[in-house]
Amino acid sequence: MDDVFRALADESRRALLDALFARNGQTLAELATDLPMSRQAVAKHLGILEAANLVSVVRRGREKLHYLNPVPIGEIVRRWVGKFEDARLDALTDFKEQIETSQEKRRA
């Protein structure tokens with residue numbers, strides 16, 4: 001998971017992931033056209049994303065197509081975001097029940 005966090009820490013790599021989210025299965029040349037950096041820099045960033053398992057590669061002839069792999073991000077959401085959301089939802093449910101209980105007592 002450390003590799004995923006390191007990969008996501010860079011703005012350029014997040015931009016690459018956004019580009020793949022918008023249109024999956026792009027070549028290095030296609031990805032490099034939309035970004036303000038050289039093809040070599042894009043290739044380096046893609047290598048880091050591949051190492052973190054955030055991007056998978058499929059060869060089609062001489063082309064390498066890059067695809068977004070959302071699984072590691074989903075694991076982060078479940079591990080780091082989900083537990084905080086569950087607590088917040090539980091607190092809101094408890095708050096709602098308290099309000100409903102106090103309203104019922106007033107009516108009685």
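Residues: numbered from 1 along the sequence shown.
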(message) Testing Val55, Leu49, Leu16, Asn24 one by one against His66 for a side-chain contact (heavy atoms from CB on, under 4.5 Å), which residue passes?
(response)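 Filter result, single survivor: Val55.
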(message) Is it true that, when you exclude Glu100 itself, more than 12 heavy atoms of the residues, nucleotides or ligands shown sit nearer than 6.0 Å to its CD?
(response)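 Above 12, so yes.
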Are the side chains of [X] and [Y] in touch, meaning some heavy atoms are under 4.5 Å apart?
X     : Y     : result
Leu8  : Leu54 : yes
His45 : Val42 : no
Arg39 : Leu28 : yes
Lys96 : Ile99 : no

(request) Starting at CE of Met37, measure out to NZ of Lys44 and round the result to the nearest 0.5 Å. (result)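 One finds 11.0 Å between CE of Met37 and NZ of Lys44.
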(message) I need the Thr27 OG1 to Arg62 CZ distance, nearest 0.5 Å.
(response)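 One finds 12.0 Å between OG1 of Thr27 and CZ of Arg62.
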Would you name the heavy atoms of [X] and [Y] that are closest together and state the gap between them?
X     : Y     : answer
Arg23 : Gln26 : O-NE2, 2.9 Å
Glu30 : Gly25 : OE1-O, 4.2 Å
Tyr67 : Leu20 : C-CD1, 4.3 Å
Ala52 : Val4  : O-CG2, 3.5 Å
Leu35 : Ala15 : CD2-CB, 3.9 Å

(message) Between Val58 and Leu68, is there shared hydrophobic-cluster membership here, with clusters defined by ILVMFWY side-chain heavy atoms closer than 4.5 Å?
(response)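 They do not share one cluster, since no chain of ILVMFWY contacts under 4.5 Å joins Val58 to Leu68.
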(message) If hydrophobic clusters are built by linking Ile, Leu, Val, Met, Phe, Trp and Tyr wherever their side-chain heavy atoms come under 4.5 Å apart, do Val71 and Met1 end up in the same one?
(response)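 No, separate clusters.
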Has [X] got a side-chain atom pairing as donor or acceptor with [Y]'s backbone, closer than 3.5 angstrom?
X     : Y     : value
Arg13 : Ala7  : yes
Arg14 : Ala9  : yes
Asn69 : Ser56 : no

